[in-house]
Amino acid sequence: MKAGPTRAAVILPWARSPGSRGTETGNGEMHLPPGDPARLDLRAADARLAEAVGLTASIGLVVVHSAILPLRIRRPSTLLGEGQVQIQAAAIREHDVTVAIVDAALSPVQQRNLERAWACKVIDRTGLILDIFGERAATREGTLQVELAHLEYQRSRLVRSWTHLERQRGGFGFLGGPGETQIEADRRLIGDRIVRIKKELEQVRRTRGLHRSARRRVPFPVVALVGYTNAGKSTLFNALTGAEVTARDQLFATLDPTMRGLRLPSGRRVILSDTVGFISELPHELVEAFRATLEEVSEADVILHVRDAAHPESAAQKADVTAVLEGMVADGTLDAAWRSRTIEVLNKADLLGGIDAVSTRPGAVAVSAITGEGLPALQAAIDARIAAGMETTEYEIPPQDGARLAWLYQHGEVVERQDDDSGSHVRVRLLPADRAKFDRQE
Ligand SMILES: Nc1nc2c(ncn2[C@@H]2O[C@H](COP(=O)(O)OP(=O)(O)O)[C@@H](O)[C@H]2O)c(=O)[nH]1
Ligand SMILES: [Mg+2]
C-alpha cells in the first residue's frame, strides 16, 4: 500500500424527498414516490454533497471523487442500482480510493455488498459522524456520550445482520451455528458495556460543575464558533487568527488545533475556539453525542453563530442551531442568557454581492471569511460584546502585591487608579468569571 493521506470517495444517494419512506414491493425493494430525476432539487443536493465532502475532509481524508446518484428505488442488497454500483466501482478503481463514504444509512448487508463490489472500505453516514464526534469529544462526559452512541450503533447492526442470517437459513432455529452464538455473545458484551457507561455518565453528570470550573484555567475570554458544517467556521477561524492551516496541513496539525489566541483591536487577547459543526438531518441516536461536543459553548464569553448566508436552507439551519442551544438551556448545560452573548455572523457575503448587499439585524455582522470583507467590524463587535459583559469593581491592592495589580491590568480594564502609602486604589472592569477568580485568590 502507498503511504500518504487516505483517498476517499463521497457518494450521495439522493431521493427526491429524502425524508419519505416510499412503499415496499413484493421483492423487498422500496419504491420511492414518483419524481422526475431531472427535476431533483439540484441546489439542495449540491449543498448536501458539499456538507458530506466537508465532513469527510474534517477527519483528514482527501476527497478525490464525489457523485450524486438519483435513487428511484432502495435495493435491499446494495441500496444503489446495479448500474450505479458498477459505474462507481470503475471510478473508485480509477481514483485509487481506499474509503468510500456513502451519505445515507446503510444496512450491514448493504455495507458488506458494496465493500465487495468496490473492493474498498465503506462507511455510512452514521459511521462517519461517529468518527468525527469521537475525534472531537474533549471532556469525560463527551467521550462517554460518543462511546455510548457508538455501541448502540454497533448493537443495532448486530441485530439486523442476525435477522438477515436467520432468513437465509429459512428460519430453522435449530440450525443455528457458531455464527449465531457469537453474535449473541457480542450483543451481551455490548449490552453490559452500555449499562456500565450509562452508570458512569450519571456519575460524571453529578460532578459536572466541578469539572467545568477547571476549564476556566484558560487565562483569556473564550470566543466559541458554532454553526453548520460548511458555514465557514474554520475559514473564519483562520482568517481571524491569521494562521495558514490549509487542508493539506490538516493531517499534521498540532494537538488542539481548535483553539488559538487572537488579539482584538482594543489590544484585548481572546481565545478563539472552533466547535464541531452542526449536521443536517442528524440521525436521532446521535443528538446526545453531538450536544456533548458542544460543551465548550457553555463556557464561552462570546458565541459567534456562523451562518452560510448563501445556503438554500440558511433560515432552517439557524432555527436548528437555536433549538439545540435552547435544549442545552433546558437541561442546565447552558445559561438562559446565551443570546445576549451571541453575535450572528452572516458569512459568504461575497456570494451575495458583498457585505452591503446582505441585510443584517442588530446583533448581526455580514462578512466574507474568504475575501476578509467585514472582518474588522466583526472584531470590533467581539470587543464590544466582551466589554458589555464586564462589571466594574473596586479593589485596594497593598504595595507589595505588584503581581496582583499586574493581573488586573492583564485581564481587565483599569478605569481609575490612585496610589498612596497604603497601596493602589483601582476601579477595574472585569468579566464575571475573572472577577470570581480574583476574589477567590484574595
Ligand atoms: N465564497 C465563500 N466561500 C467560503 C467562505 N467561507 C468559507 N467558504 C468555503 O466554504 C467551505 C467550508 O468552509 P469551512 O471553513 O471548512 O466550513 P466549516 O465546516 O464551518 O468549518 C470551504 O470550501 C470554504 O472555502 C466565504 O466567505 N465565501
Ligand atoms: Mg470546520
Side-chain angles (χ1 to χ4, degrees), residues 8 10 43 46-64 66 101 103 125 128-129 131-138 223-251 253-254 256-260 262 272-282 290 293-294 296-297 303-314 317-318 320-321 324 342-358 360 364-379:
V10 176
R43 212 169 149 228
D46 277 345
R48 175 69 179 256
L49 181 68
E51 180 195 68
V53 167
L55 290 172
T56 305
S58 78
I59 51 170
L61 302 179
V62 176
V63 179
V64 291
S66 66
I101 308 290
D103 189 13
R125 182 172 175 78
L128 172 66
I129 296 171
D131 223 80
I132 293 166
F133 290 176
E135 207 166 73
R136 291 291 299 273
V223 178
L225 297 155
V226 300
Y228 260 82
T229 293
N230 270 8
K233 293 182 303 304
S234 300
T235 309
L236 185 64
F237 181 82
N238 291 332
L240 286 173
T241 58
E244 280 157 26
V245 179
T246 63
R248 206 158 30 84
D249 296 335
Q250 202 171 358
L251 279 174
T254 46
D256 193 352
T258 63
M259 287 207 182
R260 211 176 281 150
L262 160 67
L272 207 59
S273 162
D274 198 0
T275 67
V276 174
F278 281 63
I279 296 164
S280 61
E281 293 169 47
L282 186 66
F290 172 63
T293 69
L294 277 182
E296 51 215 290
V297 174
I303 300 168
L304 296 188
H305 175 181
V306 183
R307 297 179 56 194
D308 176 351
H311 195 283
E313 306 281 337
S314 194
Q317 291 184 337
K318 175 183 173 174
D320 283 354
V321 172
V324 168
T342 301
I343 300 171
E344 201 177 308
V345 183
L346 298 165
N347 191 33
K348 308 203 183 181
D350 56 296
L351 298 179
L352 299 170
I355 54 172
D356 294 330
V358 180
T360 54
V365 182
V367 304
S368 166
I370 290 250
T371 68
E373 203 192 0
L375 294 187
L378 175 59
Q379 296 198 343

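We count ligands from 1, going down the list as the structure has it; atoms in each ligand are counted the same way.
- Separation of atoms OG (S66) and CD1 (I101) is listed at 12.0 Å; rounding is to 0.5 Å.
- In this structure, the protein non-hydrogen atom closest to atom 1 (N) of ligand 1 is D350 OD2, 2.8 Å.
- Which parts of ligand 1 touch Y228 is read off a 4.0 Å heavy-atom cut-off, strictly below it: atoms 20 (O).
- The heavy atom nearest to atom 27 (O) of ligand 1, considering only G372, A369, A310, is found in A369.
- The shell of residues lying under 4.0 angstrom from ligand 1, judged by heavy atoms, excludes F237.
- Ionic pairing of D308 and K348 is present here: one or more N-O contacts between side-chain nitrogen and carboxylate oxygen are shorter than 4.0 angstrom.
- For the Mg ion (ligand 2), protein N/O/S neighbours under 2.8 Å (waters excluded) are S234 OG.
- The protein atom (non-hydrogen) at minimum distance from atom 19 (O) of ligand 1 is N230 N, 2.7 Å.
- Atom 17 (O) of ligand 1 has its closest protein heavy atom at G232 N, 3.1 Å.
- Considering backbone and side-chain N/O of A349, none are found under 3.5 Å from N/O of ligand 1.
- By the criterion of a heavy-atom distance under 4.0 Å, both the backbone and the side chain of I370 are placed next to ligand 1.
- By the 3.5 Å distance cut-off applied to N or O atoms, T229 is not counted among the residues near ligand 1.
- Each of the following atoms of ligand 1 lies closer than 4.0 Å to a heavy atom of L351: 1 (N).
- Note that CZ of F278 is 9.5 Å distant from OG1 of T229, once rounded to the nearest 0.5 Å.
- The shell of residues lying under 4.0 angstrom from ligand 1, judged by heavy atoms, includes A231.
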- [ ] Using the side-chain hydrogen bond (donor to acceptor under 3.5 Å, both in side chains) rule, take T371 and D350 through it: C-alpha gap first, then chi angles, then the decisive distance, then the call.
- [x] CA-CA 7 Å; T371 68; D350 56 296; 5.5 Å; no
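- Among the atoms of K348, some N or O lies under 3.5 angstrom from an N or O of ligand 1.
- The line from CG of L55 to CZ of R125 is 7.0 Å long, rounded to the nearest 0.5 Å.
- The side chain of N347, and not its backbone, has at least one atom closer than 4.0 Å to an atom of ligand 1 (non-hydrogen atoms only; side chain from C-beta on).
- Within ligand 1, the atoms closer than 4.0 Å to a non-hydrogen atom of T235 are 6 (N), 7 (C), 13 (O), 14 (P), 15 (O), 24 (C), numbered from 1 in the order shown.
- Using a cut-off of 4.0 Å between Lys/Arg side-chain N and Asp/Glu carboxylate O, R48 and E313 are scored as not salt-bridged.
- At distances below 3.5 Å, at least one donor-acceptor pair connects side-chain atoms of E51 with backbone N or O atoms of S280.
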